[in-house]
Amino acid sequence: MNTIEQTYFEKLYNRHLRALKLRGMSDATIDSYARAVRRVTEHFDCSPERLSTEQLEVYFAELVESHSWSTVKIDRNGLQFFWQYVLKKDWQWIKIIKAPKIQTLPDILAVSEVEQLIAVTYKLRYKVFLLATYSMGLRLGETLSLQVGDIDAKRKQVHIRRGKGHKDRFVPLPDLTCYALRDLWRKHRNPVWLFPSGTGSMETLQNATTPMDRGGAQAAMKAALKDCGIKKSLDSHAAS
């Protein structure tokens, strides 16, 4: 691109970033959508609004060959956002780019199997984590994100913030789970997180500013499955 066109593209690109932020997109989504615009711009060495439908079709056909369908879908959504909110143009042709749907049925754990997992789990916070996840039907990320203020012990419910589809919801809080969460919190007393990050002393957990690591939680759950001899994958709630 020449200097004039580069300057014009940078103006559009900054407008794209601003529109993403104003619509409450997460940092990860902003990064992905912005990368989609940069990728197609670098590929053709011109500002995206100059591209024809045929050029974009060829571009995505090549992208399918070199990248996963998840990447193709993200790039499609990123460019669609760019066309709709920055260029103010129609984007009907995008219907031709449709990732195949793969239907899988999750492995469901029986109550007795969940009890086994909790029994063989050594660390208290992982025991309580497993109990909270399965007793309330939560996804792994939702349990990790639980905060002290989300627990309403009097009404026996938990406020799940920005769960699936970025929607809030309330779920019932079983008595046993409530007692377990309370006992765990009394040990670390972190002012925000029910499952704070860090290892070692309770003082470290008390001062943690982020929730427990996702990888560590998944590893603990997989290890428990192996110890119990349960040959099932993590169920859809726990793995998400």
Side-chain angles (χ1 to χ4, degrees), residues 1-106 138-145 160-169 210-211 213-215 217-219 233-240:
M1 288 187 288
N2 58 41
T3 303
I4 296 177
E5 187 172 8
Q6 179 66 39
T7 300
Y8 180 63
F9 167 70
E10 290 176 357
K11 181 179 179 180
L12 293 177
Y13 182 73
N14 289 330
R15 191 186 303 168
H16 181 58
L17 296 178
R18 186 164 59 251
L20 288 165
K21 292 178 181 178
L22 289 175
R23 281 160 182 79
M25 299 295 187
S26 68
D27 290 342
T29 299
I30 291 175
D31 182 65
S32 297
Y33 282 17
R35 185 168 57 249
V37 173
R38 293 197 307 271
R39 198 200 312 269
V40 74
T41 300
E42 292 169 0
H43 180 83
F44 289 101
D45 193 29
C46 71
S47 192
E49 82 280 0
R50 291 180 52 191
L51 300 175
S52 66
T53 299
E54 183 178 357
Q55 284 177 302
L56 288 169
E57 289 179 10
V58 172
Y59 171 75
F60 275 103
E62 294 177 355
L63 198 64
V64 169
E65 295 297 325
S66 58
H67 293 74
S68 67
W69 267 111
S70 61
T71 298
V72 174
K73 184 178 179 180
I74 290 172
D75 276 31
R76 179 200 68 182
N77 293 343
L79 291 183
Q80 183 174 359
F81 187 96
F82 183 79
W83 250 254
Q84 182 177 356
Y85 294 103
V86 178
L87 301 182
K88 310 293 184 182
K89 292 183 178 180
D90 194 16
W91 184 259
Q92 292 299 321
W93 73 272
I94 199 62
K95 293 179 181 179
I96 69 170
I97 304 174
K98 189 175 182 180
K101 290 185 177 180
I102 301 175
Q103 299 291 342
T104 58
L105 294 176
L138 303 183
R139 293 169 178 79
L140 185 147
E142 293 172 341
T143 312
L144 288 173
S145 300
I160 305 301
R161 303 178 187 277
R162 293 179 65 80
K164 187 176 182 180
H166 299 287
K167 295 180 180 179
D168 286 15
R169 72 182 191 280
T210 57
D213 177 65
R214 175 185 290 266
Q218 287 179 319
S233 60
L234 298 178
D235 104 354
S236 60
H237 292 298
S240 299

Completion exercise
Sorted by chain and residue number, the side chain to side chain donor-acceptor pair (under 3.5 Å) partners of R23 (sequence neighbours excluded) come out as none
Completion exercise
Nearest heavy-atom approach of C46 to L51 is SG-CD2, 3.6 Å
Completion exercise
Scanning both residues in full, the closest heavy-atom pair of L144 with P211 reads O-CB, 3.2 Å
Problem - N2: partners by side chain to side chain contact (heavy atoms under 4.5 Å, CB included), with sequence neighbours left out - result: I4, E5
Exercise for the section: Search all heavy atoms of G78 against all heavy atoms of A36 and return the closest pair with its distance. Expected result: CA-CB, 4.3 Å
Completion exercise
So NZ of K73 and CG of L63: to nearest 0.5 Å the spacing works out to 14.5 Å
Problem - Over all atoms of both residues, closest heavy-atom pair of P48 and V37 - result: CG-CG1, 4.2 Å
Exercise for the section: Measure across L20 and I30 and return the closest heavy-atom pair with its distance rounded to 0.1 Å. Expected result: CB-CG1, 3.8 Å
Exercise for the section: Please examine the side chains of N77 and T29, heavy atoms only from C-beta on, and report whether any two atoms are closer than 4.5 Å. Expected result: no
Exercise for the section: Tell me, with the steps shown, if F82 and V40 meet side chain to side chain contact (heavy atoms under 4.5 Å, CB included). Expected result: CA-CA 12 Å; F82 183 79; V40 74; over 6 Å; no
Practice task
Can you sort out the partners of T41 under side chain to side chain donor-acceptor pair (under 3.5 Å), two or more places apart, ordered by chain and number?
Solution key: none
Handout entry: Side chain proximity check, W83 to L56, heavy atoms < 4.5 angstrom
Key = yes
Handout entry: Exercise: identify the closest heavy-atom pair between R50 and Q55
Key = O-OE1, 4.1 Å
Distance-only donor-acceptor hits, side chain of residues 8-17, under 3.5 Å, sequence neighbours excluded:
unit_1	atom_1	unit_2	atom_2	d
E10	OE2	Q6	NE2	3.2
Y13	OH	R38	NH1	2.6
N14	ND2	E10	O	3.1

Practice task
With sequence neighbours excluded, tell me which residues meet side chain to side chain donor-acceptor pair (under 3.5 Å) with R35.
Solution key: D31
Handout entry: Any residue meeting side chain to side chain donor-acceptor pair (under 3.5 Å) with S32, in chain and number order, not counting sequence neighbours
Key = none
Problem - Any side-chain donor near an acceptor of the partner, E49 and S47, under 3.5 Å - result: yes
Handout entry: Check: L79 and F60 side chains under 4.5 Å, non-hydrogen atoms
Key = yes
